[in-house]
Chemist: 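Here it is, the structure, as structure tokens.
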Amino acid sequence: MTRVIRVGVVGAAGRMGSTVCDAVAEADGLELVAAVDVVSAGGATHGVTIASDLKALADAKCDVVVDFTVADAARTTLPWLALHGMHAVVGTTGFSADDIDSFRRAFTGSNCLVAANFAIGAVLMMRFAEQAAPWFETAEIIEFHHNAKADAPSGTALATARRMAAASSDWAPDPTTHEVVPGARGGEGPAGIRIHGVRMVGMTASQEVVLGTAGQTLVIRHDSNDRVSFMPGVVLACRKIGSLPGLTLGIDSLL
Ligand code: NAD
């Protein structure tokens with residue numbers, strides 16, 4: 001008989017974390033055994049008390065811990081999980097390349113998956129943008145998020161730009177010589193690909209990748225209209241992380 005995977009959630013009171021708690025509680029083969037958050041400590045989710053201390057994850061003997069918090073918090077949580085031999089499934093964004101390297105060094109005895117986006121449509125959007133990159137000499141990314149998002153640009157936009165930059169080095173220079181309003185051309189991402197961040201009441205998470213070459217443009221767009229869009233990817237990662245040694249970036253290899 002397959003053993004039930006014991007899952008803890010850090011950021012359990014947040015928008016994503018609370019949705020993850022619901023998804024884990026409903027998923028076959030997963031059991032929600034611990035929940036941690038700095039707010040709502042003492043509250044409960046699916047019969048599990050929300051604790052304020054990571055120790056609750058060890059006390060509950062978690063196999064896998066899902067983290068949807070902020071980069072600053074995850075920089076402490078992830079090495080702690082590695083030290084305690086628990087697998088980590090991380091949706092938090094805002095990490096630098098140095099952060100990713102330090103997670104790679106930390107997770108030697110247990111495994112870690114960091115994904116900027118767990119929605120299948122977004123995974124495909126990134127793949128299509130990477131495939132399209134060599135055929136176009138100009139490309140810009142516009143990401144749209146809810147008005148409480150802390151980091152900019154989004155992890156998805158940055159991951160998309162990194163993959164497009166790796167797929168092609170042949171990009172036209174920016175023609176702008178005079179930026180009347182500073183920032184009007186957006187942020188300069190990898191290979192000079194411009195990234196524009198929109199923060200808007202009423203939105204969840206969307207992205208457009210716009211590519212252009214002589215006489216034509218290609219627009220690849222993805223919308224997450226509800227946080228449930230991320231849950232099949234998170235649940236899949238919880239099920240598979242035990243067999244993915246070291247650090248895995250993105251959920252492509254799980255699909
Ligand atoms: P949120 O602000 O609603 O939730 C974050 C939660 O983390 C809060 O409840 C907060 O109290 C908690 N927290 C902060 N520091 C903590 C700590 N030290 N210990 C325990 N809990 C702590 O934010 P959100 O909208 O749920 O997003 C969370 C993260 O997930 C963000 O980085 C966001 O960009 C990312 N995100 C990723 C995906 C994806 O598919 N990978 C999708 C959506 C959002």
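Counting convention: from 1, in listed order, for ligands and their atoms alike.
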Chemist: For the pair Asp223 (side chain) and Asn225 (backbone), establish whether a donor and an acceptor sit closer than 3.5 Å, ignoring hydrogens and angles.
Modeler: no
Chemist: Check for me, please, whether Leu81 and Val89 land in the same ILVMFWY cluster - side-chain distances under 4.5 Å, paths through other members count.
Modeler: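 No, no single cluster joins them.
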Chemist: Take a 6.0 Å sphere around CG of Asn147 and say whether it holds more than 12 heavy atoms from other residues, nucleotides or ligands.
Modeler: yes
Chemist: Give the C-alpha distance, both sets of side-chain angles, the deciding distance and a yes or no for ring-ring contact (aromatic ring centres under 6.0 Å, His included) between Phe103 and Phe95.
Modeler: CA-CA 10 Å; Phe103 302 153; Phe95 298 124; 5.0 Å; yes
Chemist: Show the numbers, then the answer: is there a side-chain hydrogen bond (donor to acceptor under 3.5 Å, both in side chains) between Asp22 and Thr19?
Modeler: CA-CA 5 Å; Asp22 297 344; Thr19 315; 5.4 Å; no
Chemist: Indicate, with yes or no, if Leu244 and Phe118 share a hydrophobic cluster defined by side-chain heavy-atom contacts under 4.5 Å among Ile, Leu, Val, Met, Phe, Trp and Tyr.
Modeler: yes
Chemist: Residues around ligand 1, heavy atom under 4.0 Å from any ligand atom, sorted by chain and number. Can you pull those?
Modeler: Val10, Gly11, Ala13, Gly14, Arg15, Met16, Asp37, Val38, Val39, Phe68, Thr69, Ala73, Gly91, Thr92, Thr93, Ala115, Ala116, Asn117, Phe118, Lys149, Asp151, Phe230
